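Working notes, beginning with the structure itself.
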Amino acid sequence: MVKAVGRWVMAGLAALMLPAVAHARGPAVTSVISLESPLGPGEYAWDDSGVPAGPVRIVVDLSTEKLHVYRHGVEIGRAYILYGADHKPTPTGTFPILEKDRDHVSNLYGAPMPYMLRLTWGGVAIHGSEVEANAATHGCVGVPDEFAALLFAQAKKGDQVLVTRGWRPDLYKDEAPAPERLDAEDGETVVVEEVVTP
């Protein structure tokens, strides 16, 4: 009898966890922005015309170095990103936006973090940055400043951000995984945060 009750409890717990697991997989996508060519460093696309207002879902794909913004399953924004260097990686998982600050300055690095959307209390955030090839951050997700302003205007505290690898290759087959970020002189990853982003 105890084993049977234990199985029912475990089955009930598993059933309660199913929505969270499905939720962690990211938003249902019904439409994506059509681009003539893949985005490069510093580039972004934004088109929310005809898409009803509502909460946004954000997906950061570390493999392709892209951030996707969805509303009602429709992609309204996409940007080329910077993310954490190997010694200070960007964490993966699902994160609610904890705080918004238009003019944030890093208390760790003294660097500006415009249009900051905080993902962790340990200092990881999405924010405006100079997005260059072969650059990295200390764990944050850097997006072009203009895109950061658009995202900041749409995102609300509590909106979900999924940070993952290999997001929807069926929809984004032209977005090949990004090449390694290497410095031409010594083969080391270039971290731009000391100057630009935390």
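Note that this is a predicted model, so its numbers are computed, not measured.
Residues Gln154 and Val56 come closest through the heavy atom pair CB-CG1, 4.1 Å. Residues Ala148 and Val143 share a closest heavy-atom pair of CB-CG2, 3.6 Å. Residues Asp170 and Arg168 approach most closely at OD2-NH2, 2.8 Å, considering heavy atoms. Ala45 approaches Phe147 most closely through the heavy-atom pair O-CE1, 3.9 Å. Scanning all heavy atoms of the two residues, the minimum distance from Pro144 to Gly42 falls at CG-O, 3.6 Å. Considering all non-hydrogen atoms of both residues, Met113 and Ala125 come closest at CE-CB, 4.0 Å.
Contact of the Gln160 side chain with the Pro96 side chain is registered, since non-hydrogen atoms from C-beta on lie closer than 4.5 Å. Counting only heavy atoms from C-beta outward, the side chains of Arg118 and His104 approach each other to under 4.5 Å. Using a 4.5 Å cut-off on side-chain heavy atoms (C-beta onward), Thr90 and Val60 make no contact. The side-chain heavy atoms of Thr164 and Val59, taken from C-beta on, include a pair separated by under 4.5 Å. Between His127 and Cys140, the closest side-chain pair of non-hydrogen atoms falls below 4.5 Å. Between Ile58 and Leu151 the shortest side-chain heavy-atom distance falls below 4.5 Å.
The aromatic rings of His68 and Tyr172 sit tilted relative to each other, their planes meeting at an angle between 30° and 60°.
Counting heavy-atom neighbours within 6.0 Å of Arg165 CZ, excluding the residue itself, gives a total above 12.
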Kindly determine whether Val69 and Trp46 satisfy side chain to side chain contact (heavy atoms under 4.5 Å, CB included), including the steps that lead there.
-> CA-CA 9 Å; Val69 184; Trp46 190 277; 4.1 Å; yes
Side chain to side chain contact (heavy atoms under 4.5 Å, CB included) assessment of Val32 paired with Arg78 | CA-CA 9 Å; Val32 300; Arg78 187 182 320 163; 4.2 Å; yes
Could you give me the CA-CA distance, side-chain angles and deciding distance for Glu99 and Trp121, then say whether side chain to side chain contact (heavy atoms under 4.5 Å, CB included) is met?
-> CA-CA 9 Å; Glu99 177 185 18; Trp121 293 116; 3.7 Å; yes
Apply side chain to side chain contact (heavy atoms under 4.5 Å, CB included) to the pair Trp167 and Leu162, showing each step before the final yes or no.
-> CA-CA 10 Å; Trp167 170 248; Leu162 172 63; 4.1 Å; yes
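Atom CZ in Arg57 sits 13.0 Å away from atom CD1 in Ile76 (nearest 0.5 Å). Here CG of Leu98 is found 10.5 Å from CG of Leu117. Values are rounded to the nearest 0.5 Å. Rounded to the nearest 0.5 Å, atoms CG (Asp61) and OG1 (Thr92) are 11.5 Å apart. With rounding to the nearest 0.5 angstrom, the CG atom of Leu39 is 7.5 Å from the OG atom of Ser37. Here the CD atom belonging to Glu75 is positioned 10.0 Å from the OG atom belonging to Ser34, to the nearest 0.5 angstrom. The structure places OH of Tyr70 at 15.0 Å from CG of Asp48, a figure rounded to the nearest 0.5 Å.
Listed for the Ser106 side chain is no donor-acceptor partner under 3.5 Å among the backbone atoms of Ala111. Asp101 places no side-chain N or O within donor-acceptor distance of the main-chain N or O of Met116, the cut-off being under 3.5 Å. The backbone N or O of Val124 lies less than 3.5 Å from a partner atom in the side chain of Thr120, making a donor-acceptor pair. Not one N or O on the side chain of Ser129 forms a donor-acceptor pair closer than 3.5 Å with the backbone of Val131.
The salt bridge (Lys or Arg N to Asp or Glu O under 4.0 Å) contacts involving residues 140-162 comprise nothing, where partners must be two or more places apart or lie in separate chains.
There is a side-chain donor-acceptor pair under 3.5 Å between Glu65 and Tyr80.
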